[in-house]
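As structure tokens, the structure follows; a few thoughts come after it.
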Amino acid sequence: MIGFNEAALEEEAPEILKNNYSLWRLMIDERYQNKGYGREAIRLALDLIRTFPCGKAVYYSLSYEPENDVAKKLYHSFGFVENGEMDGDEVVAVLKL
């Protein structure tokens, strides 16, 4: 699920969400994990977002649970880096578009 600026109206929302794209959820059923589907989904999402379908933006952000090393490694492989913000209990990472 991809968003653009939706959370900007929420006071608790990470600042990076304002006027930027975000990956809200990427869920792959356990039976289909480790087959490259997540990597392909992120690649396709980035292809779409880089067309700026909802307007120009500087960043694409996402969040993940700190103990989820598999997600962290996957996101880092695309160039996402943590920006020091938290979204609830999740670490926020960003990619400059």
Side-chain angles (χ1 to χ4, degrees):
M1 184 166 43
I2 298 169
F4 179 77
N5 201 28
E6 290 92 345
L9 301 176
E10 298 175 20
E11 290 181 27
E12 309 90 37
E15 189 68 27
I16 195 69
L17 294 181
K18 295 179 181 174
N19 299 310
N20 287 305
Y21 290 89
S22 61
L23 176 65
W24 279 23
R25 289 288 172 258
L26 173 62
M27 300 170 78
I28 306 292
D29 186 281
E30 187 175 3
R31 296 172 294 172
Y32 300 101
Q33 292 178 6
N34 299 309
K35 297 179 187 275
Y37 297 132
R39 178 170 300 284
E40 183 66 4
I42 292 172
R43 187 190 66 74
L44 290 169
L46 283 168
D47 287 350
L48 172 68
I49 287 167
R50 287 185 172 130
T51 69
F52 302 106
C54 296
K56 280 298 246 181
V58 177
Y59 293 104
Y60 183 36
S61 68
L62 51 79
S63 63
Y64 61 89
E65 295 176 354
E67 65 276 2
N68 190 340
D69 291 328
V70 172
K72 180 179 180 177
K73 183 178 175 184
L74 174 63
Y75 300 143
H76 278 208
S77 75
F78 280 93
F80 285 89
V81 294
E82 291 75 21
N83 72 343
E85 290 185 90
M86 297 291 287
D87 189 3
D89 293 333
E90 295 187 352
V91 175
V92 174
V94 299
L95 175 70
K96 188 162 186 171
L97 299 170

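Please read all numbers here as calculations on a predicted model, not as lab measurements.
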#### Entry: V91 side chain near M86 side chain, heavy-atom distance below 4.5 Å
yes
Rounded distance [0.5 Å steps], [atom1] in [X] versus [atom2] in [Y]:
| X | Y | atom1 | atom2 | value |
| --- | --- | --- | --- | --- |
| F4 | I49 | CZ | CD1 | 10.5 Å |
| K96 | N83 | NZ | CG | 13.5 Å |
| W24 | D87 | CH2 | CG | 9.5 Å |

### Message
How about CG on D47, more than 12 heavy atoms from neighbouring residues, nucleotides or ligands closer than 6.0 Å, or not?
### Response
yes
### Message
Counting only heavy atoms not in D29 (residues, nucleotides, ligands), do more than 12 fall under 6.0 Å from its CG?
### Response
yes
When the side chains of residues 54-69 are checked against the rest of the protein, which donor-acceptor pairs come out under 3.5 Å, sequence neighbours left out?
unit_1, atom_1, unit_2, atom_2, d
S63, OG, E90, OE1, 2.6
Y64, OH, E82, OE2, 2.3
N68, OD1, V70, N, 3.4
N68, OD1, A71, N, 2.9

#### Entry: Non-neighbouring partners of F78 that pass side chain to side chain contact (heavy atoms under 4.5 Å, CB included), sequence neighbours left out
R39, I42, R43, L46, L74, F80
### Message
Same cluster or not: M27 versus Y75, using hydrophobic residues (I, L, V, M, F, W, Y) connected whenever any side-chain heavy atoms lie under 4.5 Å apart?
### Response
no
